[in-house]
Amino acid sequence: IENVGEAWDKYINKGNDIVNAGGIALQQGAVNLIAADNGIGKTFITLQLCVNYILKKMKKVFFWAGEDDKATIIKRLNLIFSRMDSEEDIQIVKEKLDIATYISEPFFKVDYGNVEETKEFQIFKQLLKDDQYGMIVLDPLPTFLMMIPEIDNTKVRWGMTKFNNIISETDKILVFTHHINKDSLRNDGALKELNEKLKNGENMDTHEVIDIANGLKTAIRGGMAITDLPRLVYFVLATQPDIDGYAQRLLFRIKSNVGLPQEYIPIRLPFKNPQQQQALQEQAKTAMTTKSLQAELLKKQKKQKEAYDEK
């Protein structure tokens with residue numbers, strides 16, 4: 001318990017900063033979540049966020065990877081660096097980005113029904129209290145919550161509240177990545193309409209964006225607390241691949257407690273290797289050819305029907 005008058009100066013300026021990291025807003029002093037299917041590029045996008053944040057704020061970032069090894073992280077960073085013109089900026093990022101790829105135990109454990117903090121969570125809290133770090137990334141969330149069942153909303157809320165409390169106290173940016181329910185995504189009618197619009201080069205209006213954003217919330221895996229407690233929630237969707245060396249993604253802001261609208265941001269990711277790029281180029285060309293043939297067939301069938309009706 002704190003008296004408001006005594007706590008005023010301590011808290012009045014905390015959590016006010018919305019950091020624009022390369023066009024993507026992040027809330028300081030709060031939890032931010034990025035969700036996507038496996039292989040979509042959420043780790044790559046999060047690393048790009050780290051680079052953007054470092055160059056904008058000139059503060060250090062700690063990236064804790066729970067699934068990838070250091071070689072994989074470095075290779076993804078190298079792809080990002082290959083698109084940067086300034087060698088000086090690359091050196092700044094190298095100096096200000098720290099990575100870890102090992103976790104000895106999850107942050108919390110369940111003992112006889114009670115959730116308790118582990119030693120690893122104590123290490124995490126020390127990281128947050130280190131003034132040199134402005135942003136911490138945990139990739140992905142389930143690795144750090146492993147002993148808490150995702151569907152147990154009460155225990156998940158307890159863990160997420162722990163994150164919220166410590167991140168609010170230290171006024172840092174905390175970013176989680178998380179997985180989705182694939183079946184929910186496949187059965188979403190709004191997304192099917194979205195894909196058709198994108199194929200035809202059409203844009204979405206505000207109401208359509210809101211409908212899709214609300215549908216995407218239900219596709220994020222686990223209890224509601226996983227999306228309820230973060231201040232900003234993003235969802236990465238894959239669209240048709242480009243044929244010029246990049247894969248196209250849409251980053252939907254599906255939740256905002258800081259007054260920002262629900263909207264989507266186009267993102268282009270470089271392919272991981274030339275073989276993948278060539279395969280996707282051939283796939284895209286085949287899809288275009290197939291679509292053209294289908295259009296010709298429909299046109300022919302329509303003419304046959306008109307001729308039959310006239311006869």
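In what follows, every heavy atom counts, from backbone to side chain, and hydrogens, waters and symmetry copies are set aside.
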Self-check item: Residues forming a side-chain contact (heavy atoms from CB on, under 4.5 Å) with I99, sequence neighbours excluded
Solution: F63, K70, I73, I74, L97

Self-check item: Close side-chain approach of V31 and L229, heavy atoms under 4.5 Å
Solution: no

Exercise. Give the C-alpha distance, both sets of side-chain angles, the deciding distance and a yes or no for side-chain contact (heavy atoms from CB on, under 4.5 Å) between L47 and L77.
Key: CA-CA 7 Å; L47 283 169; L77 280 170; 4.2 Å; yes

Practice problem: Sorted by first residue and then second, give each salt bridge (charged side-chain N to carboxylate O under 4.0 Å, His left out) pair with at least one member in residues 95-114; sequence neighbours left out. | Solution: K60-D98

Quiz item: What is the minimum heavy-atom distance between A225 and P230, and which atoms define it?
Solution: O-CD, 4.0 Å

Exercise. With rounding to the nearest 0.5 Å, note down the distance linking CZ in F163 to NZ in K125.
Key: 11.0 Å

Quiz item: By salt bridge (Lys or Arg N to Asp or Glu O under 4.0 Å), which residues pair with E120, not counting sequence neighbours?
Solution: none

Quiz item: Among pairs that include at least one residue of residues 39-51, which meet salt bridge (charged side-chain N to carboxylate O under 4.0 Å, His left out), considering only residues two or more places apart or in two chains?
Solution: none

Practice problem: Name all residues meeting the side-chain hydrogen bond (donor to acceptor under 3.5 Å, both in side chains) criterion together with K56; count only those two or more places apart in sequence or in a different chain, and write none if there are none. | Solution: none

Quiz item: Less than 4.5 Å apart, any side-chain heavy atom of I226 and any of H178?
Solution: yes

Quiz item: Counting only N and O atoms by type, is there a donor-acceptor contact under 3.5 Å from the side chain of N32 to the main-chain atoms of L174?
Solution: yes

Practice problem: Would you indicate whether the side-chain heavy atoms of I18 and Q27 approach each other to under 4.5 Å? | Solution: yes

Practice problem: Taking all heavy atoms of R221 and all of P142, pick out the closest pair and write down the distance. | Solution: NH2-CG, 3.7 Å

Quiz item: Yes or no on side-chain contact (heavy atoms from CB on, under 4.5 Å) for M135 and V19, after CA distance, side-chain angles and deciding distance?
Solution: CA-CA 11 Å; M135 184 164 86; V19 178; over 6 Å; no

Quiz item: Sequence neighbours excluded, which residues qualify as salt bridge (Lys or Arg N to Asp or Glu O under 4.0 Å) partners of K162?
Solution: E117

Quiz item: CG/N20 to NZ/K57 distance, rounded to the nearest 0.5 angstrom?
Solution: 10.5 Å

Quiz item: When rounded to the nearest 0.5 angstrom, what is the spacing between CD1 in I166 and CD in Q126?
Solution: 8.5 Å

Exercise. Check whether L145 and Y102 end up in the same hydrophobic cluster, where Ile, Leu, Val, Met, Phe, Trp and Tyr are linked by side-chain heavy atoms less than 4.5 Å apart.
Key: no

Exercise. Determine, using ring centers only, whether F176 and F144 are less than 6.0 Å apart.
Key: no

Quiz prompt | Minimum side-chain heavy-atom gap D68-T43 below 4.5 Å | solution = yes

Practice problem: Sequence neighbours left out, what passes side-chain hydrogen bond (donor to acceptor under 3.5 Å, both in side chains) with T46? Give chain and number order. | Solution: none

Quiz prompt | Hphob cluster co-occupancy, M224 + L216, side-chain heavy atoms under 4.5 angstrom | solution = no

Quiz item: Within the distance-only criterion (no hydrogens, no angle test), does the side chain of Q262 pair as donor or acceptor with the backbone N or O of I254 below 3.5 angstrom?
Solution: yes

Self-check item: Beyond-backbone contact of V175 with I136, side-chain heavy atoms, under 4.5 angstrom
Solution: no

Exercise. Would you indicate whether the side-chain heavy atoms of Y53 and K59 approach each other to under 4.5 Å?
Key: yes

Quiz item: In chain order, what residues pass the salt bridge (Lys or Arg N to Asp or Glu O under 4.0 Å) check against R157, with sequence neighbours excluded?
Solution: D228

Exercise. Mind running ring-ring contact (aromatic ring centres under 6.0 Å, His included) on W64 and F107 for me, showing each step along the way?
Key: CA-CA 13 Å; W64 202 338; F107 283 178; 5.5 Å; yes

Exercise. Establish, from distance only, whether the side-chain atoms of H179 and D37 form a donor-acceptor pair under 3.5 Å.
Key: no

Quiz item: Going from CZ on F44 to OG1 on T177, what distance comes out if it is rounded to the nearest 0.5 angstrom?
Solution: 15.0 Å

Quiz item: Residues in side-chain contact (heavy atoms from CB on, under 4.5 Å) with K172, at least two apart?
Solution: L128, I167, T170

Self-check item: Exercise: identify the closest heavy-atom pair between A21 and L49
Solution: O-CD2, 3.6 Å

Self-check item: CA sep, side-chain torsions, deciding dist, call: F235, F252, ring-ring contact (aromatic ring centres under 6.0 Å, His included)
Solution: CA-CA 5 Å; F235 198 111; F252 271 84; 8.0 Å; no

Practice problem: Could you give me the CA-CA distance, side-chain angles and deciding distance for Q48 and N52, then say whether side-chain hydrogen bond (donor to acceptor under 3.5 Å, both in side chains) is met? | Solution: CA-CA 6 Å; Q48 181 70 67; N52 295 344; 3.1 Å; yes

Exercise. Give, for atom CG of L251 and atom CD1 of I265, the distance between the pair rounded to the nearest 0.5 Å.
Key: 5.0 Å

Self-check item: For W158, the option from N153, D152, V115 that meets side-chain contact (heavy atoms from CB on, under 4.5 Å)
Solution: V115

Exercise. For residues 130-139, pull every pair meeting salt bridge (charged side-chain N to carboxylate O under 4.0 Å, His left out), keeping only residues two or more places apart or in separate chains.
Key: none

Quiz item: Has the side chain of R253 got a donor or acceptor atom that lies under 3.5 Å from a matching backbone atom of V233?
Solution: no

Quiz item: Is E88 atom CD crowded by more than 12 heavy atoms from other residues, nucleotides or ligands, each under 6.0 Å away?
Solution: no

Practice problem: Could you tell me which residues satisfy side-chain hydrogen bond (donor to acceptor under 3.5 Å, both in side chains) with E87, sequence neighbours excluded, listed by chain and number? | Solution: Q91

Quiz item: How many angstroms lie between atom CG of L141 and atom CD1 of I220, to the nearest 0.5 angstrom?
Solution: 11.0 Å

Practice problem: Taking all heavy atoms of V61 and all of C50, pick out the closest pair and write down the distance. | Solution: CG1-SG, 3.7 Å

Exercise. Side-chain contact test, heavy atoms from C-beta onward, threshold under 4.5 Å: evaluate it for E67 versus N38 and give yes or no.
Key: no

Quiz item: Side chain of Y234, backbone of A25: donor and acceptor closer than 3.5 Å?
Solution: yes

Quiz item: With sequence neighbours left out, what residues match T72 under side-chain hydrogen bond (donor to acceptor under 3.5 Å, both in side chains)?
Solution: D69

Quiz prompt | Any donor-acceptor N/O pair, K255 side chain to R231 backbone, under 3.5 Å | solution = no

Quiz prompt | Smallest separation among heavy atoms of P266 and L250, with atom names | solution = CA-CD2, 4.0 Å

Quiz item: Any chance CG of N3 has more than 12 other-residue heavy atoms, nucleotides or ligands included, within less than 6.0 Å?
Solution: yes

Quiz prompt | Residue of the set T118, I103, L138 for which side-chain contact (heavy atoms from CB on, under 4.5 Å) holds with F124 | solution = L138

Quiz item: Does T101 reach the main-chain N or O of A65 with its side chain, forming a donor-acceptor pair under 3.5 Å?
Solution: no

